[in-house]
Undergrad: 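Before anything else, here's the structure in question.
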Amino acid sequence: MQLCHPAFPATRMRRTRLAPWSRSMLRETNLTPSDLIWPVFVIEGQNKTEEISSMPGVFRYSIDRLVKQVQEAKDLGIPAVALFPKMSKDQKDGRGTAALDPENLVCRAIREIKDNVDGIGVLCDVALDPYTSHGHDGILEHGYVNNDATVEVLVGQALNQAKAGCDILGPSDMMDGRVGKIRNALESQGFVNTMIMSYSCKYASSFYGPFREAVGSGALLQGDKKTYQQDPANVLESLREAALDVEEGADMVMVKPGMPYLDVLYRVKQTLGVPTFVYQVSGEYSMICLAIEKGWLSREQAMIESLTSFKRAGADGVLTYFAVEAAKHLQQSS
C-alpha cells in the first residue's frame, strides 16, 4: 500500500483521535467475544473446584461445575471451549492408554457439555502428555519420542473424542504426519464434519510451565520436548509445518505461544490465507496477571491490548484464559 498524504498542517493525524466516537469509528481492529476460545481444565469428582496456584483466577472444575461455567461462557458470546484434563497418577502409563478409553474424563466432559449446553463448540487437545507417566506428548522409547508409534495412538484418541461429540480436534503433539492420518480416519469412520485445528506452529517455549502444573505433567517430564516442538529461532519452518498440515486436511492452524510469536502469526496468515488461531499460553497469562497484582499494569487495558494485538497480527481467533473476563468487559463497553 502506497501512502500519499499532504503535509502538515493540511494533515493533522491527531484530528481523528480527538474524541472517543471518532476513535471508535476509525478503529482498524475490533475484538469481540466471538473471537475468543476459553481453555478450561477438568478434574474427577463432584462439586469440586481447585485453584491453580501458578495461574491466578484459573481453576480446575469437576464436570458438574464445568458445565455451569461453559453455559456462562456461551451466554457471553464465546463460541467454543477447549478441554484439558488433569488425570490422577494411577491413570497414567508410558503409552497414554487412558486417552483411548471412551469413558475417560475428557469424553465424559464432552458428552455432558453437549447434553446440557446448546450452541457452543468443543475443542479437544489431541496429545498424550496428560496421560503419560513421563510427561511427553507421545510414546517414549530410549529417551526419544517415537513418531509413527505415537501417531497410531493419536488417531485412536482423535476418534475416541469425535465419537464422544467433539467438534474440533486439536492435534498439539507436533508429530509428523498426524493430521493426514487423523483426517483419513475421520473420513473412513463417517466423521466428515469434525474439524481439525492443528497446532501447526508450536514452539519449544519456556512459557508453558503453569499449564504443565495445571494438567499435572510438569513434574513428570523427563528431559524436554525440543526434538518435536519447534526451535524458537525459526519462522520459515512454521510456514512449512502449517502448509503441510493444510495439505493433510487441517481446517485451521494455530500458532503457540502468542505474543512472543506475533511475527510468525502474521506470516502464516499472510502466506497461507487459511483460518489461523493463536494461543495466549499460560506463561503469558500468568506474567500479565502478576504484573497487574504488583500494580504495574492496568488489568482491563493490559488484557484487551494483548488480545487485540493477536487480531491485529491476523488471528481469526484467540485461545485465552482471559476469555470470560474479556467477554464481560467487551459486552459492557459495547
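Treat the numbers as computed from the prediction; the structure is a model and nothing was measured.
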Undergrad: Any chain of hydrophobic side-chain contacts (each under 4.5 Å) joining Val281 to Leu297?
TA: yes
Undergrad: Do Met254 and Phe310 land in one hydrophobic cluster if side-chain heavy atoms of ILVMFWY residues count as linked below 4.5 Å?
TA: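 Both belong to a single hydrophobic cluster.
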Undergrad: Considering residues at least two apart in sequence or located in another chain, which fulfil the side-chain contact (heavy atoms from CB on, under 4.5 Å) criterion with Leu26?
TA: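 Counting only residues at least two positions away or on another chain, Leu26 forms a side-chain contact (heavy atoms from CB on, under 4.5 Å) with Thr16.
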Undergrad: side-chain contact (heavy atoms from CB on, under 4.5 Å) with Asn184: which residues, sequence neighbours excluded?
TA: none
Undergrad: Got a donor-acceptor contact below 3.5 angstrom from the Ser62 side chain to the Glu44 backbone?
TA: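 No; judged by distance alone, with no hydrogens or angles, the pair does not exist.
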Undergrad: Could you tell me if the ring centre of Phe322 sits under 6.0 Å from that of Tyr285?
TA: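 Here the rings of Tyr285 and Phe322 have centres that are less than 6.0 Å from each other.
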Undergrad: To the nearest 0.5 angstrom, please state how far the CG atom of Asp125 sits from the CE atom of Met197.
TA: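 Answer rounded to 0.5 Å: 11.5 Å.
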Undergrad: Mind listing the closest non-hydrogen atom pair of Ile63 and Ala109 along with its distance?
TA: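 Looking at all heavy atoms of both residues, the closest pair is CD1-N, 3.7 Å.
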Undergrad: I'd like to check the side-chain contact (heavy atoms from CB on, under 4.5 Å) partners of Arg12; sequence neighbours left out, ordered by chain and number.
TA: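 Phe8, Pro9, Arg15.
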Undergrad: Using every non-hydrogen atom in the two residues, find where Ala99 and Leu128 come nearest and quote the distance to one decimal.
TA: CB-CD2, 3.9 Å
Undergrad: Contact between Asp137 and Tyr228 at the side-chain level, heavy atoms closer than 4.5 Å - yes or no?
TA: yes
Undergrad: Could you check whether any side-chain heavy atom of Val42 comes within less than 4.5 Å of a side-chain heavy atom of Tyr61, counting everything from C-beta outward?
TA: no
Undergrad: Taking all atoms of both residues into account, what is the closest heavy-atom pair of Pro130 and Ala127, and its distance?
TA: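 Scanning both residues completely, I find the closest heavy atoms to be CD-O, 3.8 Å.
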Undergrad: Transitive ILVMFWY cluster of Tyr144 at side-chain heavy atoms under 4.5 Å: who else is in it?
TA: none
Undergrad: Is Leu123 reachable from Phe211 through a run of I, L, V, M, F, W or Y residues, each pair having side-chain heavy atoms under 4.5 Å apart?
TA: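 In one cluster with Phe211: Leu123, yes.
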Undergrad: Would you say Trp38 and Thr320 make side-chain contact, with heavy atoms under 4.5 Å?
TA: no
Undergrad: Between His136 and Gln222, is there a donor-acceptor pair closer than 3.5 Å when you use the side chain of the first and the backbone of the second?
TA: yes
Undergrad: Under a 3.5 Å threshold, yes or no: a donor from one side chain and an acceptor from the other, between Thr97 and Asp93?
TA: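 A pair is found: one side chain offers a donor N or O, the other an acceptor, under 3.5 Å apart.
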Undergrad: Under the salt bridge (Lys or Arg N to Asp or Glu O under 4.0 Å) criterion, do Lys202 and Asp173 qualify, and how do the steps go?
TA: CA-CA 9 Å; Lys202 183 177 180 179; Asp173 54 286; over 6 Å; no
Undergrad: Please report the closest heavy-atom contact between Tyr321 and Pro39, naming both atoms and the distance.
TA: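 For Tyr321 versus Pro39, the nearest heavy atoms are CE2-CB, 3.6 Å.
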Undergrad: Mind checking what makes salt bridge (Lys or Arg N to Asp or Glu O under 4.0 Å) contact with Arg23, not counting sequence neighbours?
TA: none
Undergrad: Does Ile52 share a hydrophobic cluster with Ile292, counting links as ILVMFWY side-chain heavy atoms below 4.5 Å and allowing steps through other members?
TA: yes
Undergrad: If every non-hydrogen atom of Leu169 is compared with every non-hydrogen atom of Ala162, which pair is closest and at what distance?
TA: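 Smallest heavy-atom distance, with atoms named: CD2-N, 4.5 Å.
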Undergrad: Determine whether a donor-acceptor pair (N or O, by modelled atom type, separation under 3.5 Å) exists between the side chain of Glu284 and the backbone of Tyr208.
TA: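 Looks like no, no N/O pair under 3.5 Å.
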Undergrad: Does Glu51 have more than 12 heavy atoms from other residues, nucleotides or ligands lying within 6.0 Å of its CD?
TA: yes
Undergrad: Quick one: side-chain hydrogen bond (donor to acceptor under 3.5 Å, both in side chains) pairs with a partner in residues 110-122, sequence neighbours left out?
TA: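 Checked against side-chain hydrogen bond (donor to acceptor under 3.5 Å, both in side chains) - neighbours excluded - the pairs reaching residues 110-122 are Glu103-Arg111, Glu112-Asn116, Lys114-Asp167.
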Undergrad: Between atom CG of Leu307 and atom CD of Glu325, what is the distance when rounded to the nearest 0.5 Å?
TA: 10.0 Å
Undergrad: Check whether more than 12 heavy atoms from other residues, nucleotides or ligands sit under 6.0 Å from atom CE of Met25, and answer yes or no.
TA: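 Yes, the 6.0 Å shell around CE holds more than 12 heavy atoms from other groups.
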Undergrad: To the nearest 0.5 angstrom, please state how far the CG atom of Leu140 sits from the CG atom of Asn146.
TA: 10.0 Å
Undergrad: Going through the distances and angles, do Cys107 and Asp101 end up as a side chain to side chain contact (heavy atoms under 4.5 Å, CB included)?
TA: CA-CA 8 Å; Cys107 289; Asp101 182 357; over 6 Å; no
Undergrad: Are there more than 12 heavy atoms of other residues, nucleotides or ligands under 6.0 Å from atom NZ of Lys92?
TA: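 Atom NZ in Lys92 is crowded, with more than 12 foreign heavy atoms closer than 6.0 Å.
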Undergrad: Could you list the residues that satisfy side-chain contact (heavy atoms from CB on, under 4.5 Å) with Leu290, not counting sequence neighbours?
TA: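 By the side-chain contact (heavy atoms from CB on, under 4.5 Å) rule, Leu290 matches Glu293.
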Undergrad: Counting distance only, does the side-chain N/O of Ser217 pair as donor-acceptor with the main-chain N or O of Gly135 below 3.5 Å?
TA: no
Undergrad: Please tell me whether Val246 and Ile182 are part of a single hydrophobic cluster in this structure, the criterion being side-chain heavy atoms less than 4.5 Å apart.
TA: no
Undergrad: Let me confirm one number: the CG-CG distance from Leu100 to Asn160, rounded to the nearest 0.5 Å.
TA: 6.5 Å
Undergrad: Would the distance check show the side chain of Gln230 and the main-chain N or O of Tyr203 forming a donor-acceptor pair, the cut-off being under 3.5 Å?
TA: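 Between the backbone of Tyr203 and the side chain of Gln230 there is no qualifying donor-acceptor contact (under 3.5 Å).
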Undergrad: About how many Å separate CZ of Phe59 and CD1 of Ile43, when rounded to the nearest 0.5 Å?
TA: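 Nearest 0.5 Å value for the CD1-CZ distance: 11.5 Å.
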Undergrad: Just so I know, are the side chains of Cys124 and Ile110 near enough to count as touching, which here means a heavy-atom distance under 4.5 Å?
TA: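 The answer is yes, as the side chains (C-beta and beyond) meet within the 4.5 Å cut-off.
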Undergrad: Less than 4.5 Å apart, side chain to side chain, heavy atoms only: is that true for Val253 and Pro275?
TA: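 Side chain of Val253 against side chain of Pro275, heavy atoms only: no contact under 4.5 Å found.
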Undergrad: Is a side-chain donor or acceptor of Ser200 paired with a backbone partner of Ala242 at a separation under 3.5 angstrom?
TA: no
Undergrad: How would you list all residue pairs meeting side-chain hydrogen bond (donor to acceptor under 3.5 Å, both in side chains) that involve residues 250-261, not counting sequence neighbours?
TA: Arg183-Asp251
Undergrad: Between Asp231 (side chain) and Asn234 (backbone), is there a donor-acceptor pair under 3.5 Å?
TA: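 Absent.
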Undergrad: So which pairs with a foot in residues 302-319 pass side-chain hydrogen bond (donor to acceptor under 3.5 Å, both in side chains), sequence neighbours left out?
TA: Asp35-Lys311, Lys269-Asp316, Gln280-Ser306
Undergrad: Only counting residues at least two apart or in another chain, list the ones meeting salt bridge (Lys or Arg N to Asp or Glu O under 4.0 Å) with Glu241.
TA: none
Undergrad: Can you tell me which residue pairs pass the salt bridge (Lys or Arg N to Asp or Glu O under 4.0 Å) test with a partner in residues 59-72, sequence neighbours excluded?
TA: Glu50-Arg60, Glu72-Lys328
Undergrad: Minimum heavy-atom separation for Asp245 to Val179, with atom names?
TA: O-CG1, 3.6 Å
Undergrad: For Tyr266, is the OH atom crowded, meaning more than 12 foreign heavy atoms sit under 6.0 Å from it?
TA: no
Undergrad: With a cut-off of 3.5 Å and sequence neighbours excluded, list every side-chain donor-acceptor pair involving residues 74-89.
TA:
residue : atom : partner : partner atom : Å
Asp75   : OD1  : Gln71   : NE2          : 2.9
Ser88   : OG   : Asp90   : OD1          : 2.3
Ser88   : OG   : Gln91   : OE1          : 3.1

Undergrad: Does one side chain, of Ser172 or Tyr279, offer a donor that lies under 3.5 Å from an acceptor on the other?
TA: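 No, no side-chain donor-acceptor pair sits under 3.5 Å.
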Undergrad: Report yes if some heavy atom in the side chain of Arg178 is under 4.5 Å from a heavy atom in the side chain of Ser198; otherwise report no.
TA: yes
Undergrad: With a 4.5 Å heavy-atom cut-off, do Gln69 and Val40 have their side chains touching?
TA: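 No, their side chains stay 4.5 Å or more apart.
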Undergrad: Does any part of the side chain of Tyr131, heavy atoms only, come nearer than 4.5 Å to the side chain of Arg95, both counted from C-beta?
TA: no
Undergrad: To the closest 0.5 Å, what do you measure between CD (Gln189) and OG1 (Thr194)?
TA: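 Going from CD on Gln189 over to OG1 on Thr194, the span is 11.0 Å.
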Undergrad: Looking only at atom types and distance, does a side-chain atom of Ser286 sit under 3.5 Å from a main-chain N or O of Gly283, one as donor and one as acceptor?
TA: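 Pair absent, no side-chain N/O of Ser286 close to backbone of Gly283.
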